[in-house]
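As C-alpha cells, the structure follows; a few thoughts come after it.
Labels below follow one simple rule: chain letters A, B, ... track the order of the sequence lines, proteins then strands, and each chain is numbered from 1.
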There are 2 protein chains.
Amino acid sequence: MGEKKQTFRDYLSQQGLKSTRQREIILDEFLRCDSHLSTEDLYLKLRKKHPGIGYATVYRTLKIFSECGIAEARNFGDGQTRYESTTCEEHHDHLICKDCGAIIEFEDPGIEQLQEQVARDHGFAIVSHRLEIFGLCAKCQNKER
Amino acid sequence: MGEKKQTFRDYLSQQGLKSTRQREIILDEFLRCDSHLSTEDLYLKLRKKHPGIGYATVYRTLKIFSECGIAEARNFGDGQTRYESTTCEEHHDHLICKDCGAIIEFEDPGIEQLQEQVARDHGFAIVSHRLEIFGLCAKCQNKER
DNA sequence: CGACTCCTTGAAATTGGTTTTCAATTTAAC
DNA sequence: GTTAAATTGAAAACCAATTTCAAGGAGTCG
C-alpha cells in the first residue's frame, strides 16, 4: 500500500474518524490523477465509476487530505480551489498558461532565498508563500501567430 | 485635478460611458483610501456620507477602474477581491500578516529577474505574476510571546 | 454475535461574495 | 427640449464552498 494511503488511515484513526468505502475510493482516484484538480473535477471523474458518491463527500474528503498533509489546497484566482498531491520534495511554485490552463511546476531556491531576505528586512516571519507566474506556454504562443 | 481622475474621465468618454455623480464620488473616496479595499470595504465607507450609493454601483465602478488601469484587482486567498490604486512605479508584491491582516508592499528586482529566467527555461512568455508571502509581522510575533 | 454510540453519507439547503436583471432615472448629444 | 443610450439601486441570480439533517454505516464492548 502506498505511503499516502497509510498516512491517511493513520490520520483517520488517530482523529477518531472512520475508514469508509467512499474515502478509500476518493483517495484512490485522487492519487491516480495527480494533476491540479478542483472538487468539481474529482467529483465528475468519480461519478463515472461510482455514481453514488456525493459532491459533499468529495469536498469533505479533500479537506481531510489537506489536513493530514497528503494534499495541498491551492487557488489560482479562477475562483476554484484546486488540490495537489504533496510530494516529499521541495516547495514549488507554478507557471500557469492563460490560454490553455496548463500548469507547470517549478522550484527555484534562488527565489526562495530572496524571499527570506525580503521577509527579514521587514521583520516578518514567513509561514508560507505562493508565487504564480501567468503567461503563455510555448505551445500557445505558437498557436497565436 | 489628479491625473487618475483625468485618466478615468478619458476612459469613460472614449468608451461611450457616462460621467456620473456616483462615479465621481466613488473615485474620490477610492483615491482617498489607498489601502487594499474590497468592494464591501469601500461600499461601507461610502455609505456613511452617501447612503444612496448602492453596492452594485460600487462593484461596477471598481471594475471600470481596473479596466482603465487606475486600479488593480488582487485576491489574497481570503475569498475577497481587493483593489489597489496603481502606482506608476515598479510592480510590487505583498507580505501579508496572517494574524492582523496587515499588508506590506515590497519590490525586489532580483526576484523578478529570477522569475524571468524560470519562464525562459520553460519557454513561457510572462503576462503577469503574483507573489505573496504569508507570515507574522513584527508586531504580531511579539504579541504571541 | 448483538447493542449501542458516534461518525459518515448524500441530498438539499445555506452562506458569502460576485454578478446580473430590470424598471426608473440620468446623462449627453442633437 | 427631445431622445437614445447608459446608469442606478434594489432585488434576484449565480456559483463555489460549506453546513444541515435524517438515514445508514463503522467500530467498540460485552
Short N-O contact, B:K45 and B:E29, less than 4.0 angstrom = no
Going by number, which of residues 43-51 of chain A have a non-hydrogen atom under 4.0 Å from DNA chain C?
-> none
Taking only Lys NZ, Arg NE, NH1 and NH2, and the carboxylate oxygens of Asp or Glu, determine whether B:E72 and B:R74 approach each other closer than 4.0 Å.
-> yes
Give a yes or no on whether a donor-acceptor pair under 3.5 Å exists between the nucleobase atoms of C:dT21, that is its base, and the side chain of B:R60.
-> yes
State whether B:Y59 places a side-chain N or O below 4.0 Å from either non-bridging phosphate oxygen (OP1 or OP2) of C:dT19.
-> yes
All N/O donor-acceptor pairs, side-chain side in residues 16-23 of chain A, below 3.5 Å, sequence neighbours left out:
{"unit_1": "A:T20", "atom_1": "OG1", "unit_2": "A:R23", "atom_2": "N", "d": "3.2"}
{"unit_1": "A:R23", "atom_1": "NH1", "unit_2": "A:K18", "atom_2": "O", "d": "2.7"}

Out of curiosity, A:F8 CZ to A:E67 CD, how far, rounded to the nearest 0.5 Å?
-> 10.0 Å
Determine whether B:F134 and A:I126 make a side-chain contact, defined as any pair of heavy atoms from C-beta on separated by less than 4.5 Å.
-> no
Under a 4.0 Å N-O cut-off, is there an ion pair linking B:D99 with B:K139?
-> no
Taken to the nearest whole Å, OH/A:Y11 to P/C:dT8 is 11 Å
Are A:H36 and A:E105 linked by a side-chain donor-acceptor pair shorter than 3.5 Å?
-> yes
Between B:D41 and B:S38, a side-chain donor and acceptor under 3.5 Å | yes
Indicate whether OP1 or OP2 belonging to C:dT18 is found under 4.0 Å from a side-chain N or O atom of B:Y55.
-> yes
Given the side-chain rings of A:H94 and A:F76, with only the six-membered ring counted for Trp, is the space between their centroids under 6.0 Å?
-> yes
Taking the six-membered ring for Trp and the single ring otherwise, decide whether the centroids of B:Y83 and B:F65 are under 6.0 Å apart.
-> no
All N/O donor-acceptor pairs, side-chain side in residues 53-60 of chain A, below 3.5 Å, sequence neighbours left out:
{"unit_1": "A:R60", "atom_1": "NE", "unit_2": "A:A56", "atom_2": "O", "d": "3.4"}

Does a donor on one side chain sit under 3.5 Å from an acceptor on the other, for A:R120 and A:Q117?
-> yes
Look at all strands and tell whether A:S38 reaches a base, only sugar-phosphate, or nothing, counting heavy atoms closer than 4.0 Å.
-> nothing
Within residues 14-26 of chain B: residues closer than 4.0 Å to DNA chain D (heavy atoms) | B:G16, B:L17, B:K18, B:T20, B:Q22, B:R23
The first and last nucleotides of DNA chain D lying within contact of chain A, meaning any atom under 4.0 Å from one of its heavy atoms, run from D:dA16 to D:dG27
Closest-nucleotide 5' rank along DNA chain C - winner of B:G79 and A:I64 = A:I64
How close or far is atom P of C:dT20 from atom CG of B:L62, stated in whole angstroms?
-> 15 Å
Check whether the side chains of A:H129 and A:Q115 place a donor and an acceptor atom closer than 3.5 Å, and report yes or no.
-> yes
Interface polar pairs with nucleotides 12-14 of chain C, N/O, under 3.5 angstrom:
none

